[in-house]
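Below is one structure, written out as structure tokens; the observations come after it.
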Amino acid sequence: MPEKKRPRRRLAPGDRRDELLKLGSEIFGRRPYDEVRIEEVAERAGVSRALMYHYFPDKRAFFTEVVRTGAAQLFEATDTPMEPGQPFFDRVRVGVLAYLQYHEQHPHESLAAHVGLGRSDPMLRWADEADNARQMQRILDVIHDVVPALPELVERDLKTVIYGWLAFTLELCRQRIIDPSLDAGNLADACAHALLDALGRVSGIPDLLASAVAAENR
């Protein structure tokens, strides 16, 4: 059954661009990149092909912006308020639950980055790496709340572990999009324990951090 074309509406430039990106996430989340034509997106949005190219120079740039916008929205959605003195484990768990909830509420945006070009495209890989860096820094800031100053090599190793954990967590979220029957609480527990266990195994971490991680990872 052909997808319904949207009626033409007059919108401010920013609103029109947002509408096109939302529509793009729906389309790329359902079908592989190579099967999508940018003319099709324009037709479904009820705009001219020229207007579509005014906002995005080509399909690759459009797809990359769809993924980048989704990543920015995800970062904002997972910026969960923390209570004073909240344990590290609970902070991680709450963040993972917010992560899972976002993917549940925006499955097309989440799947768009996993089809078509995926992470083999240089432009998309750059956007993906920028988002991972922001997520990594957020977790590292929590560690710095426990130990403000870390040896250079220890901080390097912690960053590496966190990047690996982010990939692990993203895959669990993707699996839950595929199978919504997976329990979000159980996945959040698994992710939080996995991070604390991995951090505790980094060689040379200060005793204060090692004790904090061990005490909470039970």
Side-chain angles (χ1 to χ4, degrees), residues 67-107 109-110 113-114 119 124-180 182-218:
V67 176
R68 190 203 65 78
T69 300
Q73 292 171 347
L74 171 61
F75 185 77
E76 182 177 351
T78 53
D79 187 17
T80 51
M82 300 300 175
E83 301 174 5
Q86 188 175 27
F88 188 21
F89 179 90
D90 291 346
R91 296 177 74 171
V92 174
R93 188 178 188 278
V94 168
V96 172
L97 282 172
Y99 206 79
L100 290 165
Q101 184 179 34
Y102 177 87
H103 284 295
E104 181 179 346
Q105 295 173 348
H106 305 85
E109 287 90 333
S110 303
H114 294 280
R119 283 159 177 73
L124 181 55
R125 188 165 61 245
W126 177 86
D128 194 44
E129 289 173 354
D131 179 59
N132 280 341
R134 290 191 301 174
Q135 296 283 7
M136 181 281 300
Q137 189 60 50
R138 175 183 282 170
I139 295 171
L140 191 62
D141 287 344
V142 177
I143 294 174
H144 284 157
D145 287 343
V146 179
V147 182
L150 290 164
E152 182 178 349
L153 292 181
V154 170
E155 181 149 332
R156 178 206 63 186
D157 291 347
L158 287 172
K159 289 180 178 179
T160 300
V161 165
I162 294 170
Y163 277 125
W165 177 81
L166 286 170
F168 167 75
T169 301
L170 178 62
E171 179 58 27
L172 288 188
C173 289
R174 191 180 74 89
Q175 289 298 323
R176 190 165 185 268
I177 294 173
I178 297 170
D179 183 1
L182 290 169
D183 185 85
N186 289 341
L187 293 182
D189 284 343
C191 287
H193 281 298
L195 178 60
L196 267 64
D197 183 67
L199 294 177
R201 294 175 186 276
V202 172
S203 177
I205 61 172
D207 291 342
L208 182 59
L209 178 59
S211 299
V213 168
E216 295 184 29
N217 194 29
R218 296 174 179 173

Checklist line | Residue pair Arg138 / Phe75: nearest heavy atoms and the distance that separates them | finding: NH2-O, 2.9 Å
Next item on the list: Output all residues satisfying ring pair (Phe, Tyr, Trp, His ring centres under 6.0 Å) with Phe88, sequence neighbours left out; order by chain, then residue number.
Entry: none
Checklist line | Contact check, side chains of Ile143 and Leu150, non-hydrogen atoms, under 4.5 Å | finding: yes
Item checked: Side chain to side chain, Glu155 and Glu152, heavy atoms closer than 4.5 Å -> no
Item checked: Check: Ile162 and Leu199 side chains under 4.5 Å, non-hydrogen atoms -> yes
Checklist line | From Leu100 atom CG to Gln105 atom CD, the distance as rounded to the nearest 0.5 Å | finding: 11.0 Å
Item checked: Donor-acceptor pair, side chain of Trp165 and main chain of Cys191, under 3.5 angstrom -> yes
Next item on the list: Output the distance between atom OG1 (Thr169) and atom CZ (Arg174), rounded to the nearest 0.5 Å.
Entry: 14.0 Å
Check: Stepwise, does the side chain to side chain contact (heavy atoms under 4.5 Å, CB included) test hold for Gln175 with Leu187?
Finding: CA-CA 10 Å; Gln175 289 298 323; Leu187 293 182; over 6 Å; no
Item checked: Partners meeting salt bridge (charged side-chain N to carboxylate O under 4.0 Å, His left out) with Arg156 (sequence neighbours left out) -> none
Note to self: Can you tell me how far apart CG (Leu172) and CD1 (Ile177) are? Round to the nearest 0.5 Å.
What the structure shows: 11.5 Å
Item checked: Partner set under side chain to side chain contact (heavy atoms under 4.5 Å, CB included) for Asp179, not counting sequence neighbours -> Ser181, Leu182
Check: Do Tyr163 and Gln135 touch side chain to side chain, with heavy atoms closer than 4.5 Å?
Finding: no
Margin query: Tell me the closest heavy-atom pair linking Val146 and Pro148, and the distance in Å.
Written below: O-CD, 3.8 Å
Check: Can you list the residues that meet the salt bridge (charged side-chain N to carboxylate O under 4.0 Å, His left out) rule with Asp145, with sequence neighbours excluded?
Finding: Arg91
Margin query: Are the side chains of Leu209 and Val154 in contact, using a 4.5 Å heavy-atom criterion?
Written below: no
Check: Taking only residues two or more places apart in sequence, or in another chain, which ones meet Asp90 in a salt bridge (charged side-chain N to carboxylate O under 4.0 Å, His left out)?
Finding: none
Notebook entry, point to check: What's the shortest heavy-atom distance between Val161 and Ala198, and which atoms?
Noted result: CG1-CB, 3.4 Å
Next item on the list: Nearest 0.5 Å please: distance from the CZ atom of Arg68 over to the CD atom of Gln73.
Entry: 9.5 Å
Checklist line | Considering all heavy atoms, the nearest Ala71-Arg134 contact | finding: O-NH2, 3.8 Å
Notebook entry, point to check: Considering residues at least two apart in sequence or located in another chain, which fulfil the ring pair (Phe, Tyr, Trp, His ring centres under 6.0 Å) criterion with His144?
Noted result: none
Note to self: Please find the pair of heavy atoms, one from Tyr102 and one from Gly70, that lie closest to each other, and give the distance.
What the structure shows: OH-O, 3.4 Å
Checklist line | 4.5 Å side-chain heavy-atom contact, Ile205 and Val213 | finding: no
Note to self: Just verifying a value: how many Å separate Leu196 CG and Arg93 CZ, rounded to the nearest 0.5 Å?
What the structure shows: 13.0 Å
Check: Of all heavy-atom pairs between Ala98 and Ala77, which one has the smallest distance, and what is that distance?
Finding: CB-O, 3.9 Å
